[in-house]
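Count residues from 1 along the sequence. Note that the structure is predicted; figures quoted are calculated from it, not measured.
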Amino acid sequence: MAPVRGDGMRGLAVFISDIRNCKSKEAEIKRINKELANIRSKFKGDKTLDGYQKKKYVCKLLFIFLLGHDIDFGHMEAVNLLSSNKYSEKQIGYLFISVLVNTNSDLIKLIIQSIKNDLQSRNPIYVNLALQCIANIGSRDMAEAFSNEIPKLLVSGDTMDVVKQSAALCLLRLYRTCPDIIPGGEWTSRIIHLLNDQHMGVVTAATSLIDALVKKNPEEYKGCVSLAVSRLSRIVTASYTDLQDYTYYFVPAPWLSVKLLRLLQNYNPVTEDPGVRGRLNECLETILNKAQEPPKSKKVQHSNAKNAVLFEAINLIIHSDSEPNLLVRACNQLGQFLSNRETNLRYLALESMCHLATSEFSHEAVKKHQEVVILSMKMEKDVSVRQQAVDLLYAMCDRSNAEEIVQEMLNYLETADYSIREEMVLKVAILAEKYATDYTWYVDVILNLIRIAGDYVSEEVWYRVIQIVINREEVQGYAAKTVFEALQAPACHENMVKVGGYILGEFGNLIAGDSRSAPMVQFKLLHSKYHLCSSMTRALLLSTYIKFINLFPEIRSTIQEVFKQHSNLRSADAELQQRASEYLQLSIVASTDVLATVLEEMPSFPERESSILAVLKKKKPGRVPENEIRENKSPIPATNTNNTQINSNHTSNSTNADLLGLSTPPSSGNMTNNQGTLIDVLGDIYNNSASSSVVYNTKKFLFKNNGVLFENDLIQIGVKSEYRQNLGRLGLYYGNKTQTPLTNFTPVLQWPAESALKLSVQIKAVEPTLEAGAQIQQLLNAECVEDFADSPSIDLSFRHNGVHQKVTIKLPLTLNKFFEPTEMNGESFFARWKNLGGESQRAQRVFKAQIPMDLQAARTKLMGFGMQLLDSIDPNPDNMVCAGIIHTQSQQVGCLLRLEPNKQAQMFRLTIRSSKETVTKEVCNLLFDQF
């Protein structure tokens, strides 16, 4: 075997060759022990070892250590190598120390002094070796020892680019160990301005450092946003020839582009500056446009780099959730990937579309790809892609397509992989309950679910169908008939027997008039399944039999015989024996009236929240896409939802009235218990990557009612709200993102007494402990007594790992939430407009567009604002006019709006007219900076 070269160290090459040629483990150990003895004797006896020899022996020790053997000497010789003036010797010294020296070693002080000497060297190679060693050790001692030198190296104008690069990455490594190492004050702007450096390598390294700093102190480093957008703009608009040194397969600086896009995702909104926002939108549009261009290379590296930038840009668009045009374009681009030959691309497209499906702006665009997604669920070879297709169908489902999607999922469930069946069952049950157009369809779906995949139907699912049947009189007869027919199948799942036993025991009399389902036929059908069931199901059937005695006295004697058989020692189960014995005595001793009283029909269950979604999230933590659930009670048929009547005299103090048709849970509890809610407003639970970015933007809730209100690395606060006339109901969802409980958890409403006279807000208390990974709900009732300005706040305080934390957030309770849209024709509108021409009745603002003018986006916002957007009213088709009525307890205030865009000047003129001056001013103030 040819000897291995070792940088001229022939002895090392021979030693490595000897080790490789050993025929057994014993021979290898023998050779190593011989070499260790030789090295030890050289270090102890020969005081005149030169640098080359030290380097050679230290290399041998390093190689032996890497083979898995302990090394307990040679450290001092490695430290001595650090003071050498030869690069190869210094390099080996640093390598040995990085790998073998313990952070608690007494040699650390000597090492630190040697490193400091090299950091002050004029030779950039020596400086880089020192920085690499610091980063490799990465201990708190290192962070404290070099907390001054490394930041200075990073921002100094005299430092070479290659050293700045290493200094940024070294500082990032130490920051993860000791966050206090980064100085504040003027250092902040100097670090941020590294994004403007001429050297792309420095910018790439600095972006990684700044991204970590922003996650910890977003406000302090907010100045990085404009610089990051500027740098991204230069990269995106550059051709691959402009950045030749940093172009990867015709894609300019893909790694830096991805880092910058991720950096911007730490803020929401990304920026309030209209100029920066417009430039960022141009960048994102350019990236989407480039995705449509034909590839410049057929190599996979080109497509990988190009798509990496594209997907990160789409993630930023989804994160912002404020640009309808970009969201729809992103959806269309992802839709093209659904038919791509590359499996990974199809998977990523489905995953990203799950997020887009939860946006109010892009949900309809996602639904256009429903057929392709259904095909992916059925035909994909890769089970992970099929799983992702199921997730997307669940996320895109709404009332218009629910029946089709549920039916397709049921059809696929018969042949679905075992690994995804349980999750699919839960999702079908959730969708069926949420979008039930009538109860018979819901019952059919759940019974089909039990028939097709009974082994995967959890108790929560069949408990829920029983609750709904008992609470809804109109479906009881149909349910009894359907379950009776299902039980006639030769092979019947035990869960079907449970449902059948319970429903027939309560409502079997509703179908007893038909000879085909006479009392004796029902009893014999159920009892034929008895011996095939578990003890728990048998106990349920015995309860059904005693119910039959009350419903059908004519079969009393037959059932009593069954009780006699199971009330003696023949029954091995003590529970069944006791139950049968007690039921037998009850049927013999009790009179007809007493029996009827004891065995009367089950009363309606209290309206409670379904726990199925909580079960789904527990089974698949982090993988449940957001699907806003409106009906968290038993499903209400769509045909009846408009019949809900509200008494305008109700006040928000009423605890009995469900003012908005929303359910009030009996108590606030963690979502992980059996009272878990179907409402899911936490926007990042589908995102697998852990993000500690701070999200807080109340303004976007002017145009939407649901979404993430606040988020940092500890907690996520979601909101779901609904309004009708002058009444509102908000659900706040506090999610613990950490692995430890949040204690002393106290949300306090901040709303001055004089403001409360205009907007009455009642808040329910929550439990003082929020468990790790759990979510709790807090309900607020609001009543608009008269028009108001500003909005209430919540002061949230809690302790995390013993450290007190406090968060203050504005609630999205603004005057426009109490608008009722009003239809008007052109004649009525302008007549009313002229009547409201008084000085105190109108308000007007002329302002520059905050972003490049997008009239469709402006129309979308106005529709979300709460007023009725009136088409074909204004002679100028670009102008937008709206009408609405603000409902308060004391009066109703009519309001008209006109938004006139000037495309050439990129300006808007906003005019508000209403019958009350304070309303006019407040509506104008809410809207003028939103276009």
Report the relative orientation of the aromatic rings in F865 and F703; use parallel for angles under 30°, tilted for 30 to 60°, perpendicular for over 60°.
-> tilted
Distance-only donor-acceptor check, side chains N726 and T888, under 3.5 Å | no
Side-chain donor-acceptor pairs under 3.5 Å in residues 924-931, sequence neighbours left out?
| residue | atom | partner | partner atom | Å |
| --- | --- | --- | --- | --- |
| N925 | OD1 | R845 | NH2 | 3.3 |
| N925 | ND2 | K921 | O | 3.2 |

Taking side chain as C-beta onward, heavy atoms only, is L702 less than 4.5 Å from N816?
-> yes
Decide whether N705 and K817 meet the rule of one side-chain donor and one side-chain acceptor closer than 3.5 Å.
-> yes
Side chains of Q868 and E820 in contact at under 4.5 Å (non-hydrogen atoms) = no
Can you list every salt bridge (Lys or Arg N to Asp or Glu O under 4.0 Å) pair that touches residues 303-330, not counting sequence neighbours?
-> R262-E312, D321-K704
Can you sort out the partners of E754 under side chain to side chain donor-acceptor pair (under 3.5 Å), two or more places apart, ordered by chain and number?
-> none
Would you check if there is a donor-acceptor pair between the side chains of Q292 and Q333 at a distance under 3.5 Å?
-> yes
Between D871 and R859, is there a side-chain N and carboxylate O pair less than 4.0 Å apart?
-> yes
Is D713 salt-bridged to K216, going by a charged N under 4.0 Å from an acidic O?
-> no
Taking everything shown except E293 itself, do over 12 heavy atoms lie less than 6.0 Å from its CD?
-> yes
Other residues, nucleotides, ligands: >12 heavy atoms within 6.0 Å of K367 NZ = yes
R913 to W833 - nearest heavy-atom pair and separation = NH1-O, 2.8 Å
